[in-house]
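All values below come from the heavy atoms of this structure, side chains included, with hydrogens, waters and symmetry mates left out.
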Amino acid sequence: MGTRENAPSGAPAAGRAEGAALAEVAYYRAGSAASAMSPALVPRAAAWAGRVLHLTGITPALSTDCLALVRELTDRALPGRPLLSFDVNYRVDLWRDTAEGPTVLAELARRCDLVFVGEDEAEAAWGLHGPAAIRAALPEPDVLVVKRGAAGAVAYVREPGAAPADPSGSGFAEGSAASGATAPGRDAPAPRTPGGSPARSGAPAPETHRAPNRSGSAGSAGSAGSAGSAGSAGSAGSAGSAGSGLPADRVVSVPALHVDVVAPVGAGDAFAAGFLSGALRGLGVRARLRHGHLMAAAALTSAGDLGAPPRRADADRLAALDDAAWGRLRLGPGWTDRPPAAEAPYTEVKDRTA
């Protein structure tokens, strides 16, 4: 972590009006130290030193230098880059000075190996409806995770041997831990907005927005159906029919948990953290999605956006429940300190961390 003496740290402020269902979040980022990041200030070797580099769509919106930095860090033509994860995090207010936000986010997503995107933000940014349409517009990432709020999450995983964007094949193959540097792949395609649809208008007031209903929100743990999937809880199917021009995908969907929501802020980031943690441990895609939901539930049941995560053994036990037991779980404030009793014998999860 670096510091700058002549620039403040950005800061969020969250609150909820009396009777309001969702929290209001205001961000103070103007002139922040983070907005001054650039390729000259952030050495690529340092940013690429880990096994995975996770980026979000907020950083490139902060300044032209920040955008240049993220473009450099996601350049497929440069050797030695780690596996790149990208959370779209479309925030209308941050792009209010340019209409290029959705196009830039699509460009960056196509340059990464793993992409997280909310179904709601894909509709707002690109006019896309449903996970299958999002995948059709973003076929490049090896793994695409679409967060569907109370409906759960669905992952599109390129099948082995189906022209992966990462020629080394390291990616996020199920059953193997995310490994070191990947070989340089193809150049990123020319930036364009997915589906050719313009960004929608009607942005909230500048720098203030209502926190979206992210994955893990309270509600029915219904099926997260998707094109090609069996449509049942925790189901896996395939997508990419013959003649479509798209690589073959395995589609894994996992319904969200029943959660007594305290505040929705931070749930999307927590979901990504849970999924990435499972990937680094070499867990299967279904388990990664469940760990994402559990981490999101920890954030949703906390007043802040940094809810205490459950202990690994407790999270592993809950993630290993059968579909029926998973669907019966209901998590409320404090659940990470008092996890639900096991409804099935504890299943030891083999940790494949290198």
Side-chain angles (χ1 to χ4, degrees), residues 1-4 6-12 27-50 52-118 121-122 124-126 128 137-138 140-141 144 165 184-201 203-204 206-207 209 268-269 272:
M1 177 181 293
T3 61
R4 291 177 64 88
N6 59 347
S9 297
Y27 296 94
Y28 300 91
R29 297 189 177 97
S32 68
S35 67
M37 290 190 299
S38 70
L41 289 177
V42 181
R44 187 171 69 247
W48 281 4
V52 176
L53 173 62
H54 181 65
L55 302 167
T56 85
I58 291 177
T59 304
L62 298 181
S63 68
T64 55
D65 282 343
C66 283
L67 174 56
L69 171 64
V70 176
R71 279 183 167 143
E72 177 175 300
L73 294 177
T74 57
D75 190 343
R76 290 187 180 278
L78 297 175
R81 80 177 209 168
L83 193 142
L84 291 185
S85 170
F86 183 71
D87 193 335
V88 171
N89 265 329
Y90 178 52
R91 299 292 183 267
V92 176
D93 298 336
L94 292 179
W95 297 98
R96 65 183 182 275
D97 294 331
T98 175
E100 296 301 312
T103 302
V104 168
L105 293 175
E107 170 204 345
L108 296 173
R110 291 193 174 96
R111 297 158 72 112
C112 295
D113 306 300
L114 165 64
V115 171
F116 299 93
V117 61
E121 61 188 350
W126 303 316
L128 297 173
L138 296 175
E140 291 85 359
L144 173 70
R186 20 179 208 157
D187 291 336
R192 61 182 177 87
T193 300
S197 301
R200 294 193 171 190
S201 59
E207 282 299 321
H209 68 274
D269 293 334

side-chain contact (heavy atoms from CB on, under 4.5 Å) between R76 and L84, worked out: CA-CA 10 Å; R76 290 187 180 278; L84 291 185; over 6 Å; no
Where is the tightest heavy-atom contact between W48 and P82, given as atom of each residue plus distance?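 Minimum heavy-atom contact is CG-CD, 3.3 Å.
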Shortest non-hydrogen contact between A109 and P141, atoms and distance: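 Closest approach of A109 to P141, heavy atoms only: O-CG, 3.6 Å.
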Using side chain to side chain contact (heavy atoms under 4.5 Å, CB included) as the criterion, list what pairs up with T59, not counting sequence neighbours.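 Once residues adjacent in sequence are excluded, the partners of T59 under the side chain to side chain contact (heavy atoms under 4.5 Å, CB included) criterion are M37, T56, C66, V70.
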Roughly how far apart are [X] [atom1] and [Y] [atom2], rounded to 0.5 Å?
| X | Y | atom1 | atom2 | value |
| --- | --- | --- | --- | --- |
| C112 | H54 | SG | NE2 | 10.0 Å |
| L55 | S85 | CG | OG | 7.5 Å |
| L73 | L108 | CG | CG | 10.5 Å |
| T74 | D113 | OG1 | CG | 10.5 Å |

Less than 4.5 Å apart, any side-chain heavy atom of [X] and any of [Y]?
| X | Y | result |
| --- | --- | --- |
| L105 | F86 | yes |
| Y90 | W126 | no |
| L69 | L41 | no |

Contacts of type salt bridge (charged side-chain N to carboxylate O under 4.0 Å, His left out), residue E72, not counting sequence neighbours: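 Partners of E72 by the salt bridge (charged side-chain N to carboxylate O under 4.0 Å, His left out) criterion, ordered by chain and then number, come out as R44.
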Spell out, as yes or no, whether a donor-acceptor pair under 3.5 Å connects the side chain of R111 to the backbone of R71.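 Yes; at least one donor-acceptor contact below 3.5 Å.
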